[in-house]
Amino acid sequence: MPEGHTIHRLAKDHRPLLVGKHVRVSSPQGRFAAGAALLDDHVVTRIEPYGKHLWYRFDGGQLLHIHLGLYGKFVGGALPAPEPRGALRLRIVTDDNWLDLRGPTHCDLVTPAERRAVLARLGPDPLRPTADPNEAWQRITRTKTPIGQLLMDQSVLAGVGNVYRAEILYRAGLSPFRPGRDVDRNAWDAMWLDLVAHMKSGVRTGRIVTTDRADRDRQRGTATREDSHYVYRRDGLPCRRCGTEIRTEVMAARNLFWCPTCQPA
DNA sequence: GCTAAATGTTGAT
DNA sequence: TCAACCTTTAGCT
């Protein structure tokens with residue numbers, strides 16, 4: 001599930017559960033045992049999301065860095081916690097709740113300098129109120145790299161993943177193959193606003209829904225897949241607006257989806 | 001039951 | 001450009 005909206009939602013969900021709370025921390029799987037021991041019996045002081053990264057601060061100065069990667073997942077609930085099963089990287093338990101983390105790419109203690117180094121590599125995050133779309137624009141407009149690749153580059157834009165890339169380009173009527181330098185400023189400004197709106201709704205709902213109501217209504221009962229996307233994983237199916245077959249191709253090491261008619265080269 | 005793919009990143013070639 | 005990594009699940013048999 002993890003694009004930026006998932007990470008920001010986790011931060012919102014975890015704050016009331018963890019911040020100010022004394023926690024018991026363990027790594028039943030053992031891979032984070034040493035780090036867990038250092039966090040155990042401490043108090044969580046802050047939770048900070050940025051792009052697809054999450055940092056948890058503890059009293060005593062420890063800093064936990066989590067990146068879910070492709071498969072990472074948090075699950076939790078009210079005590080009592082279930083018996084640990086399988087590869088359970090991290091378990092955090094408060095007086096009331098338990099929280100389990102499985103399959104993350106990163107679950108490590110880091111120094112403030114290491115955190116700054118990660119942040120320095122990230123472009124603006126549409127989910128942060130202070131984010132400046134112009135920083136991304138400066139990168140986009142100076143390269144012939146295709147826009148479909150730029151949107152996935154976390155140093156251009158933080159938090160956008162494969163679903164938002166495909167869907168936002170479709171909504172903009174922009175070919176993924178258009179060189180960054182040939183994207184005009186108005187198109188970029190509109191895409192940024194569209195990203196902000198849809199990623200925010202993603203945080204609220206926990207799902208990525210990019211289809212407009214009109215398109216969903218028109219196709220009610222006829223959609224062959226869930227109707228929350230225009231192109232993502234809809235290759236071979238007819239475009240919801242024009243009927244052209246949705247195409248797919250690997251770009252930036254991921255499957256890209258687009259409508260050749262609505263997004264002409 | 002098995003296999004491939006998945007909303008991601010890194011490091012080697 | 002490609003393989004590796006971490007884990008779950010959809011879609012087969």
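Chain A is the first sequence line, chain B the second, and so forth, proteins listed ahead of strands; every chain is numbered from 1.
At a threshold of 4.0 Å, the pair A:D227-A:R240 does not count as salt-bridged, since none of the basic side-chain nitrogens sits closer than that to a carboxylate oxygen.
Using a 4.0 Å heavy-atom criterion, one finds that A:Q29 contacts the sugar-phosphate atoms exclusively. Heavy atoms of A:R31 sit under 4.0 angstrom from primed sugar atoms or phosphate atoms, though from no base atom.
Remark: C1' of B:dA6 and OH of A:Y71 are 7 Å apart, rounded to the nearest angstrom. One interatomic measurement links the two molecules: CG of A:L70 to P of B:dT10, which rounds to 14 Å at whole-angstrom precision. Nucleotide B:dT7 holds its C1' atom 11 Å from the CZ atom of A:R165, rounded to whole Å. Between the P atom of C:dT8 and the CZ atom of A:R89 lies a distance of 11 Å, rounded to the nearest Å. Separating the CD1 atom of A:I168 from the C1' atom of B:dT7 is a distance of 14 Å, rounded to the nearest angstrom. Atoms CZ (A:R233) and P (B:dA4) sit 16 Å apart, rounded to a whole Å. Spacing between atom CG of A:L68 and atom P of B:dT10 amounts to 14 Å, rounded to whole angstrom units. Atom CG in A:L127 sits about 14 Å away from atom C1' in B:dT7, given to the nearest Å.
For the OP1/OP2 pair of B:dT7 and a distance below 4.0 Å, the side-chain nitrogens and oxygens of A:Y232 include at least one atom meeting the criterion. When the side-chain nitrogen and oxygen atoms of A:N162 are compared with OP1 and OP2 of B:dG8, none of them lie within a distance under 4.0 Å.
Hydrophobic clustering (side-chain heavy atoms under 4.5 Å, transitive across Ile, Leu, Val, Met, Phe, Trp, Tyr) groups A:L174 together with A:V196. Note: the hydrophobic cluster containing A:V163 also contains A:I147 (ILVMFWY, side chain heavy atoms under 4.5 Å, direct or indirect links).
Nucleotides C:dT1 and B:dT7 have their C1' atoms positioned 23 Å apart, rounded to a whole Å.
Listed by first and then second residue, the ring pair (Phe, Tyr, Trp, His ring centres under 6.0 Å) pairs involving residues 86-111 of chain A are A:H65-A:H106 (not counting sequence neighbours).
Among the nucleotides B:dG8, C:dC6, C:dT9, the one closest to the side chain of A:K52 is B:dG8. Checking C:dC5, B:dT9, B:dA6 against every side-chain atom of A:Q154, the shortest atom distance belongs to B:dT9.
A donor-acceptor contact under 3.5 angstrom links the side chains of A:R139 and A:S155, judged on distance only.
Between A:W258 and A:F177, the distance from one ring center to the other falls under 6.0 angstrom.
Other residues sharing a hydrophobic cluster with A:L64 under the 4.5 Å side-chain heavy-atom criterion for ILVMFWY residues are A:I7, A:L10, A:L17, A:L18, A:V19, A:V23, A:V25, A:F32, A:L38, A:L39, A:V44, A:I47, A:L54, A:Y56, A:F58, A:I66, A:L68, A:F74, A:L90, A:I92, A:L99, A:L101, A:L109.
Non-hydrogen atoms lying under 4.0 Å from DNA chain B are contributed by A:T105, A:R121, all within residues 101-121 of chain A.
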